[in-house]
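Report on the structure given below.
Numbers restart at 1 for each chain; the letters A, B, ... are given by sequence-line order, proteins then strands.
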Number of protein chains: 2
Amino acid sequence: MENDLAQAAIASGGPCLINNGLNCISEATDASTKRQSGDKKKFTLKTPKGTRDYGPTEMAVRQQVLSTVVDCFKRHGAETIDTPVFELRETLTGKYGEEGSKLIYDLEDQGGELLSMRYDLTVPFARYLAMNKISNIKRYQIAKVYRRDNPAMTRGRYREFMQCDLDIAGDYDCMVPDAECLRIVTEILTDLQIGDFEIKVNHRRLLNGILSVCGVNETEFKTVCSSIDKLDKQPWSEVSAELINDKQLCPKVVEAMEAYLCSRAKVNSTSPNSTLIEHLRTDSLLGASVEAQTALKELTLLLSYCDAFGIADRIVFEPSLARGLDYYTGCIYEAVLTGENASEANDEASVGSVAGGGRYDQLVNMFLQKGRGVPCVGLSIGIERIFTVMERKLQREQKRIRSSETDVYVASAQKNLLLERMRLCGELWGRKFKAEMSFKENPKLLQQLQYCEDRCIPLALILGESEIQRGVVKLRVIRTRQEEEVPRNELFKLLSERLQRMTAENL
Amino acid sequence: MENDLAQAAIASGGPCLINNGLNCISEATDASTKRQSGDKKKFTLKTPKGTRDYGPTEMAVRQQVLSTVVDCFKRHGAETIDTPVFELRETLTGKYGEEGSKLIYDLEDQGGELLSMRYDLTVPFARYLAMNKISNIKRYQIAKVYRRDNPAMTRGRYREFMQCDLDIAGDYDCMVPDAECLRIVTEILTDLQIGDFEIKVNHRRLLNGILSVCGVNETEFKTVCSSIDKLDKQPWSEVSAELINDKQLCPKVVEAMEAYLCSRAKVNSTSPNSTLIEHLRTDSLLGASVEAQTALKELTLLLSYCDAFGIADRIVFEPSLARGLDYYTGCIYEAVLTGENASEANDEASVGSVAGGGRYDQLVNMFLQKGRGVPCVGLSIGIERIFTVMERKLQREQKRIRSSETDVYVASAQKNLLLERMRLCGELWGRKFKAEMSFKENPKLLQQLQYCEDRCIPLALILGESEIQRGVVKLRVIRTRQEEEVPRNELFKLLSERLQRMTAENL
């Protein structure tokens, strides 16, 4: 409960602040929104623990980012679907491992089915494919998911947060859709102008092969992988200690693993990824592992496709990349920022990934009684982290984000012109201009112009008795304060031209 | 549980059908998706009762409708906010009357706060205003809400459905924002080209005044209003019988009410709304009701504003309009279709409303310990009903809705051209063309072209060895099957021009 107040305090920042960043969660202690005394009402005015409201400015940033992402998804011919926010509890059971299952929100049994809130978008997607017998689709879905994580433990992680997935389902030729996923990740991170990045790539079966030849028991693959997964945030010494002390692996086994997992592409090699693949391919131990050899062949193919797609320079083959989720069966990948924004995506000083994904060929199968299921490969954009990076970037560049799009404000210079303002507004809306006016009968001119400045509305039309009689209206450019009289019968044409020009000049 | 199968059967219609209309809910009995036998898995492959998936084509229709609505909201300078899908249970308590409260989804008590799923967007909006001390905002919000209604009882009503609200909060001059709400409803229904419609308008305080002078006890206003609310679907005789028999009103009281409630604007009057207002204003009994006289004055003002906004011909003053929700305090309104689409919006043969709203000046106050609260007026677009009307309309007009936006398909006429296709696709995406290619290494040309026809992709680029050697590519117009050779260095310019022209010609 100690974080409830913090959540409320953050959310109460109001609609115009974009500095409600991830870092302040659980730090604030302002209790002003907690109402336990007083005679009128007794309740806590807040959002549920781990959730928050998003005000207009925050929404404007989010929508701008999302539109870049969706544009890319559509550019690749993807369709979208929608699934319910909750699923039958049994649909989610046994899909997220022991840890994940603890974090699922259950609905109360109010008589009827047992339901749970969705934990991700991938399992509902697999359920959708199985239920509708769909054998191929390229679909994206952007929606919120729910995890009863402790927001105090994992800073910046909310219990309600957005996921942004694209998946390609279908029985296709090896690594072709996988390469397109990497291309999509590259396009999105490039289009967002979020700074330099690289995409780490690995293969689950290579990881299995390495563990196997090093002498790790197959039953321990998952738990060992979850330790290896920490290698992007911890040095080998710590991971090694965890494997030996906590997970009871023989030190010799761990030592053998190090040679493979810590091998990295040589920077001064002309073709570092291929060199590393070749190095592993000809390794005496790995040569005996069918798993490893198959994976290395597939990775070689993937790299050649990345080359054809023009994204080879973004790809870094990293044998230690594990990814947390159980269901991956083939290539896996994770994009990280490497430029000046890298530290913005921090989770307590370590750089987090901004996109990830991989192949999962068995998940749909879990929903089928018979048949082969549908092979899938997908990607997930770390959209919440990207929102944070973008908000910080806008703050740093001191760029103002408009939360409304009004182009023309209809003002009056005198009293008793409400009906005149309404008539003009009505005509503007009828011609699809984005227009606004004051809701007061007799607003002061200064206040109306101040509103335009506050809201970055570029143009104002000012009505006055004399102008109305002469059949003109005063057009004011808010930024320059220049005014001119425009005949009413030329007004809409002139407004269109003026707005087009302003858009072209980037306002 | 008897409806679970129906839901599953509906949802299993797959992504390309748009005839999964409201009417088929709970009628289907296909049990093929229920899996209780077999040795592989034992579970029910379905979505929760009263919910469904939306496939790509359904989503395309929904997004098209929503973009028209959002365009209008933005044209009026509205901002958007986002609130969590669940709220503290106490936030929702006592806001929806006895009936509504029964339908709220509760989350299981997993240790911590007691939570419930949002039931509408208005109460969370009021909570947001109170919590963030916002005194004025014009905001829209489009999101799903949750009601544990019985889907078998109320056909076509889902337990998870979308709401689409715009509200204007702030202490403004009388009826000015209210009139803009009516203008927004008019614009949206006009822009959607959904056929003829009218907007019924009334005032809660007029209704109170009428009930009061007829001798209804103030404590019975709400229950009487809920009977009156049925007047759009039932004749007076039935409503009257309910009031006398079920609600124990004196027949004389009910008779007195009839005179007021069944008075309608005369069709052959030049200004029917004003005539009716004048008629009620000068009524001997109503003259004594301050409530009624205040309401009539406000309605007169509202009508003059509607006139200035150019929407007077859409407005029908109807003294019997009651609206179900308790929280309205001022003018109320409801839009209904009157043209050929009216029957499409049917709920069991009665015409339903496609938009509604009104003034609620006391709701925010319920969240405050002190202070006056924020007066609000709002509108809700009946978006789910409109989706249904639009789907039927598209079916009737046999219009195909594309669920993806691909403009150019990159095909190959021979084997071993995968890398070439990838290179060209990569270049197209880099230049922001919407492009796709087959995920097969060596797809058959006929299958590639068939895919273009199936998905309404307008153009294909066909690669062949000979063309590659000569530095050209074959451009095929799918609809006409015309082909021409284009030099690679002129390709992108030509494609842009061709696509622009096709868009201009409406493809």
Does any non-hydrogen side-chain atom of A:Leu107 lie less than 4.5 Å from one of B:Glu108? no
Output the option from A:Glu420, A:Met437, A:Lys434, A:Lys138 having the highest count of non-hydrogen pairs under 4.5 Å with chain B. A:Lys434
What part of A:Gln63 lies closer than 4.5 angstrom to a heavy atom of chain B: side chain, backbone, both or neither? side chain
Counting heavy-atom pairs under 4.5 angstrom with chain B, the leader among A:Phe439, A:Tyr105, A:Tyr172 is A:Phe439
Side chain proximity check, B:Pro56 to A:Ile137, heavy atoms < 4.5 angstrom: yes
Heaviest contributor of heavy-atom pairs below 4.5 Å to chain A, chosen from B:Glu405, B:Arg183, B:Gln110, is B:Gln110
Go through the atoms of A:Leu418 and report whether side chain, backbone, both or neither lie under 4.5 Å from a heavy atom of chain B. side chain
For each of A:Glu87, A:Arg139, A:Glu180, tally heavy-atom pairs with chain B at distances under 4.5 Å, and name the one with the top tally. A:Glu180
Roughly how far, to the nearest 0.5 Å, is CG of B:Leu419 from CG of A:Asp307? 8.5 Å
Separation between CZ (B:Phe73) and OG (A:Ser404), nearest 0.5 Å, reads 15.0 Å
CG of A:Asn132 to CG of B:Asp53: how many Å apart, nearest 0.5 Å? 6.0 Å
Is the backbone N or O of B:Val85 less than 3.5 Å from a side-chain atom of A:Glu160, with the two atoms forming a donor-acceptor pair by type? yes
Is A:Met117 in contact with chain B via its backbone, its side chain, both, or neither, using a 4.5 Å heavy-atom distance? side chain
CZ (A:Arg127) and CG (B:Leu45) are apart, to the nearest 0.5 Å, by 7.5 Å
Measure A:Arg455 against the heavy atoms of chain B and call it side chain, backbone, both or neither at under 4.5 Å. side chain
Under 4.5 Å to a heavy atom of chain B? For A:Arg421 that would be neither
Any side-chain donor paired with an acceptor under 3.5 Å for B:Ser403 and A:Glu79? yes
Pairwise distance CD(B:Glu58) to OG1(A:Thr80) - rounded to 0.5 angstrom: 12.0 Å
When rounded to the nearest 0.5 angstrom, what distance separates CG in B:Leu115 from OG1 in A:Thr47? 10.0 Å
Among A:Arg423, A:Lys440, A:Lys432, A:Lys144, the residue with the most heavy-atom pairs under 4.5 Å to chain B is A:Lys432
